[in-house]
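Model, not experiment: these values are computed from the prediction.
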Amino acid sequence: QLSEHHDVLYVGYVKKWNEIQEKLKSADRAAANGTYSEFGELKREETFAMNGIKLHEGYFDNMHLPVSGGNTRCSGKIKELVERDFGSYENWEKEFKALGLAARGWVVLGYDLEEKKLKNILCDSHNQGGVWNMIAVLIMDVYEHAYFIDYATGRKAYIEAFFRNINW
């Protein structure tokens, strides 16, 4: 049921992104200004829809376990990087879970290409909180739609279930 709900949301973001692309073709760029313009609003909402697509794709990929079984325990190079950048896996997990309670939308473990370091990032909205030059490694959706059907207001229980289903 939850997957079905997420699929509907995902398809909605794809449809809206396509609609925005069509409207951008005829938007009056000469009327662009900082207070309001159709072109400006379309470009703002384009990033919301695009990131809605990309964040959901990453979230789905995090929990997709191959038929042969997946690796639900952090190991190998990613574990080495987590331990290097957070002091221990436990430190990283504690911070990531705390961000899951603090965020309104997303928590992302990202790899900063300039600093060559992993960081936990809180994104309250699809197009707010992302960091330039960073690759998303692990994405957790904490919008209410991600957990409410199965966990009601039990976000902590959802976060624990998320961790049991990560495909490292």
Side-chain angles (χ1 to χ4, degrees), residues 1-67 70 72 78 95-153 155 158-159 161-168:
Q1 190 177 18
L2 183 58
S3 175
E4 190 177 305
H5 182 68
H6 261 107
D7 289 345
V8 170
L9 287 169
Y10 175 78
V11 168
Y13 291 125
V14 171
K15 285 181 182 177
K16 191 51 69 177
W17 188 84
N18 287 327
E19 180 183 320
I20 290 168
Q21 298 315 298
E22 283 302 311
K23 288 182 177 185
L24 279 169
K25 292 176 184 176
S26 62
D28 183 1
R29 284 151 178 78
N33 68 77
T35 303
Y36 172 81
S37 67
E38 178 188 27
F39 178 69
E41 286 304 306
L42 286 168
K43 291 304 282 183
R44 271 183 279 286
E45 298 311 318
E46 178 185 42
T47 61
F48 186 87
M50 183 186 322
N51 287 340
I53 294 167
K54 292 180 181 287
L55 286 163
H56 277 96
E57 286 174 350
Y59 174 70
F60 298 150
D61 287 347
N62 291 158
M63 294 178 294
H64 175 70
L65 298 177
V67 174
T72 58
I78 188 66
E95 180 178 298
F96 197 88
K97 287 178 176 180
L99 286 173
L101 296 173
R104 296 181 193 115
W106 301 91
V107 181
V108 178
L109 171 64
Y111 184 77
D112 188 303
L113 294 170
E114 291 174 15
E115 293 184 34
K116 310 255 186 276
K117 185 176 178 181
L118 289 169
K119 296 179 179 182
N120 287 327
I121 305 297
L122 182 151
C123 300
D124 273 341
S125 180
H126 298 162
N127 57 351
Q128 294 178 356
V131 178
W132 295 103
N133 239 5
M134 184 175 275
I135 298 170
V137 176
L138 178 71
I139 300 170
M140 179 172 62
D141 188 344
V142 292
Y143 276 111
E144 288 179 348
H145 69 255
Y147 61 88
F148 207 83
I149 292 171
D150 294 321
Y151 298 95
T153 58
R155 190 186 290 200
Y158 159 74
I159 292 170
F162 174 84
F163 267 80
R164 287 190 302 274
N165 289 284
I166 295 173
N167 181 16
W168 288 102

Residue pair [X] / [Y], side-chain heavy-atom distance below 4.5 Å:
X	Y	answer
Leu138	Trp168	yes
Lys43	Leu24	yes
Val131	Val108	no
Asn62	Met140	no
Glu38	Asp28	no
Val142	Leu99	no
Phe148	Tyr143	no

Rounded distance [0.5 Å steps], [atom1] in [X] versus [atom2] in [Y]:
X	Y	atom1	atom2	result
Glu144	Arg155	CD	CZ	7.0 Å
Trp17	Thr47	CH2	OG1	12.5 Å
Leu109	Ile166	CG	CD1	9.5 Å
Glu45	Lys23	CD	NZ	11.0 Å
Tyr10	Lys15	OH	NZ	13.0 Å

Practice task
Could you check Met50 against His126 for side-chain contact (heavy atoms from CB on, under 4.5 Å), going step by step and ending with a plain yes or no?
Solution key: CA-CA 8 Å; Met50 183 186 322; His126 298 162; over 6 Å; no
Handout entry: Carboxylate-amine/guanidinium contact Lys54 Glu57, below 4.0 Å
Key = no
Nearest heavy-atom pair of [X] and [Y]: which atoms, and what distance?
X	Y	value
Ala103	Val107	CB-CG2, 4.0 Å
Gly130	Cys123	N-SG, 3.9 Å
Asp141	Ala146	O-CB, 3.5 Å
Tyr151	Ala161	OH-CB, 3.0 Å
Ile20	Ala49	CD1-CB, 4.4 Å
Leu55	Ile139	O-CG2, 3.7 Å

Exercise for the section: Kindly write out the residues that satisfy side-chain hydrogen bond (donor to acceptor under 3.5 Å, both in side chains) with Lys116, not counting sequence neighbours, or none if the list is empty. Expected result: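 In terms of side-chain hydrogen bond (donor to acceptor under 3.5 Å, both in side chains), with neighbours along the sequence ignored, Lys116 is linked to no residue.
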Handout entry: Lys97 atom NZ, over 12 foreign heavy atoms within 6.0 Å
Key = yes
Exercise for the section: Please check if the side chain of Asn127 supplies one atom and the backbone of Ser125 the other of a donor-acceptor pair under 3.5 Å. Expected result: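 Checked: no pair found.
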Handout entry: N/O donor-acceptor pair under 3.5 Å between Tyr111 side chain and Lys119 backbone
Key = no
Exercise for the section: Anything under 30° is parallel, anything over 60° is perpendicular, the rest tilted; go ahead and classify Tyr59 against Phe162. Expected result: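 It falls in the parallel class, under 30°.
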Exercise for the section: Classify the angle between the aromatic ring planes of His56 and Trp106 as parallel (below 30°), tilted (30 to 60°) or perpendicular (above 60°). Expected result: perpendicular
Practice task
Apply the test side-chain contact (heavy atoms from CB on, under 4.5 Å) to residues Ile159 and Tyr147: give CA-CA distance (whole Å), side-chain angles for both, the deciding distance (0.1 Å), then the verdict.
Solution key: CA-CA 9 Å; Ile159 292 170; Tyr147 61 88; over 6 Å; no
